[in-house]
Structures are given as structure tokens and as C-alpha cells.
Protein chains: 2
Amino acid sequence: MAEDIFKALSDPTRRHILDELVERDGQTLFEICARLTAKHGLGLSRQAVSQHLAVLESAGLIHARRQGRYKFHDVNTEPLEQIVTRWLRPDTPEGTS
Amino acid sequence: MAEDIFKALSDPTRRHILDELVERDGQTLFEICARLTAKHGLGLSRQAVSQHLAVLESAGLIHARRQGRYKFHDVNTEPLEQIVTRWLRPDTPEGTS
DNA sequence: AGCATAGGCAAGTGAAGACTTGCCTATCAA
DNA sequence: TTGATAGGCAAGTCTTCACTTGCCTATGCT
């Protein structure tokens with residue numbers, strides 16, 4: 001479960017999606033598709049991005065909230081702190097910002 | 001080049017190798033093999049570990065120094081700071097510990 | 001010299017995963 | 001209620017990658 005975040009980060013497209021959501025939170029699938037194409041030159045199908053979002057969500061890196069026919073995606077960078085406490089600052093008592 | 005660190009971190013064995021080297025720096029290939037088997041229950045061939053070390057080195061996460069017939073491996077966690085500045089603390093002026 | 005140790009190179013196999021295609025469901029507006 | 005929009009599901013393809021196997025080089029010891 002905690003190991004899923006590394007699998008999630010291993011794909012460049014998923015990292016671009018994270019970049020995109022950090023810059024502008026709460027985007028829908030179609031918005032993310034459009035911005036990936038426009039800003040990063042990635043010609044991806046909607047399904048491809050949808051699957052990437054599923055991976056990111058199961059890793060806990062984003063959270064999706066449904067609202068009508070829209071589904072908004074919010075980032076959650078908190079799981080990334082594991083990387084810091086695992087290798088960068090191993091002696092940190094697990095809860096220090 | 002900077003993106004290689006994510007590919008390097010995507011494999012569980014490579015993460016265990018990092019754990020091992022953070023705990024005890026400067027190990028040889030055979031030492032790492034032995035400790036992966038003993039402490040993590042991984043039955044890997046020497047080549048497998050060697051290839052993992054190559055990936056970690058090309059990602060800049062470890063540095064190898066040859067000495068006689070031994071080759072010692074040292075960790076370098078500095079590339080991991082990119083993850084922090086990319087998503088966790090994006091406004092950090094790129095050089096603040 | 002000869003043998004053992006420490007490591008490297010390269011081709012082959014098998015599985016994981018990124019992406020597509022085609023079809024289906026749900027919400028909203030006219 | 002019809003049509004358009006936003007999203008989901010389930011194969012199928014094709015590439016990447018982890019690992020093995022077999023052989024080769026280099027250093028050190030006796």
C-alpha cells in the first residue's frame with residue numbers, strides 16, 4: 001500500500017499530472033487531458049489519462065470527488081513525505097513539518 | 001537524466017538496496033547480495049543485484065569507487081531532494097536544507 | 001605459475017504495464 | 001425524450017524491464 005506511491009511515480013505522464021494538479025487543483029479528467037496535450041505535448045487518449053488517475057488515486061496521491069457529472073481531482077502530497085523520512089531524514093520522529 | 005531517479009525508485013529491490021546502504025555505507029556487491037538474502041529474504045542472483053546497482057548509479061543515487069578487486073558503493077540521497085522541491089515544497093529556493 | 005575471489009558483458013525469457021479500441025452508464029440541457 | 005457531455009469497463013497489443021544463464025576479465029593469495 002505504501003509501496004504503491006513509487007509505482008505511481010514511475011511513469012512520466014503521471015508525474016506531469018501531479019505537476020498539473022499541484023499548479024491548479026481540482027481539475028476534471030477532460031481538463032487534465034487538454035492541459036497535458038497543450039502544455040506537455042502529450043497526445044494521450046482519455047482512457048490513458050483515466051487509468052493514470054486511477055493509479056495515482058490508489059496510491060493516495062490524489063483524491064477524487066464526484067459532483068454531478070463531473071469528477072474533480074485534488075492532489076495529496078502527504079504520502080510523499082515517506083520518501084523524506086525513509087532516506088533523506090531517517091531520524092525524523094515521523095511527524096515533523 | 002533527472003527523471004531516472006523515479007525509474008530507479010520504482011523497483012522494490014532497488015529500494016531495499018538503498019535502505020541497506022543508508023544503514024551501512026560502502027558495501028560491495030557480494031555484501032549487498034548477502035544482506036538482501038538474509039534481512040529481506042530475497043533470493044537474487046549476483047547479476048540481478050549488479051544490474052540494480054547500475055540503475056541506481058546511473059540515476060545518481062549511489063556512487064561506486066573501485067579499489068583493487070573490490071568495488072564499494074556509497075549512497076547519495078541528494079537527488080531525492082528534487083521530489084521535495086517539485087511537489088512538497090515547490091516554493092523553496094532550490095537550496096535550503 | 002595456478003587457483004579462488006570480485007566483478008562484467010550479452011543474449012534470452014517471461015511477466016508487468018502503458019495505451020488503444022469499442023462499447024456501456026450517468027448526468028444535464030433543449 | 002433526445003442528444004450531447006463526462007466518465008467507466010473490459011479485452012487486446014506491444015513495449016519495457018527484471019531476472020537468468022553462460023562465459024569472460026581482473027585482482028589477490030600461495
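In the text below, chain A, chain B and the rest are named by the order of the sequence lines, each starting its count at 1.
- Atom-to-atom, CG of A:D11 to C1' of D:dT15 comes out at 13 Å; the value is rounded to the nearest Å.
- Between A:S45 and the phosphate of C:dC19, there is no side-chain N or O to OP1/OP2 separation shorter than 4.0 Å.
- Here the shortest heavy-atom pairing between B:R15 and B:L9 reads NH1-O, 2.7 Å.
- If you measure from atom NE2 of B:H52 to atom C1' of C:dG7, you get 17 Å, rounded to the nearest angstrom.
- Taking the side chain of B:A48 as heavy atoms from C-beta on, and the options D:dT20, D:dG7, C:dG7, the nearest nucleotide is D:dT20.
- The 5' end of DNA chain C is approached more closely, in terms of each residue's nearest nucleotide, by B:Q47 than by the other of A:S10 and B:Q47.
- You'll find the side chain of B:V84 reaches within 4.5 Å of the side chain of A:L88, heavy atoms only.
- Contact of the A:L42 side chain with the A:V49 side chain is not registered, since no non-hydrogen atoms from C-beta on lie closer than 4.5 Å.
- Atom P of nucleotide D:dC17 and atom CZ of B:F6 are separated by 15 Å, given to the nearest angstrom.
- Counting non-hydrogen atoms under 4.0 angstrom, A:R46 reaches a base of the nucleic acid.
- Within the structure, a side-chain polar atom (N or O) of B:K71 is placed less than 4.0 Å from OP1 or OP2 of C:dG8.
- In terms of phosphate contacts, B:T13 brings a side-chain nitrogen or oxygen within less than 4.0 Å of OP1 or OP2 of D:dC19.
- One can place CG of A:L56 at 13 Å from C1' of C:dA18, the figure rounded to the nearest angstrom.
- Summarising the geometry, atom CZ belonging to B:F72 is positioned 13.5 Å from atom NE2 belonging to B:H63; distances are rounded to the nearest 0.5 Å.
- In this structure, B:L9 places its CG atom 12 Å from P of D:dA18, rounding to the nearest Å.
- For A:Y70 and A:Q51, each mapped to the nucleotide of DNA chain D holding its nearest heavy atom, the one lying further toward the 5' end belongs to A:Y70.
- Taking atom CZ of A:R65 as the reference point, atom P of D:dG7 lies 12 Å away to the nearest angstrom.
- You'll find that the side chain of A:R69 is closest to C:dC28, out of C:dA18, C:dC28, C:dG7.
- For A:R66 and C:dC28, the CZ to P distance is 10 Å, given to the nearest whole Å.
- Rounded to an integer number of Å, the gap from CZ of B:R15 to P of D:dA18 is 11 Å.
- Ion pairing between a basic and an acidic side chain is recognised when a charged N comes within 4.0 Å of a carboxylate O; A:E81 and B:R89 show such pairing.
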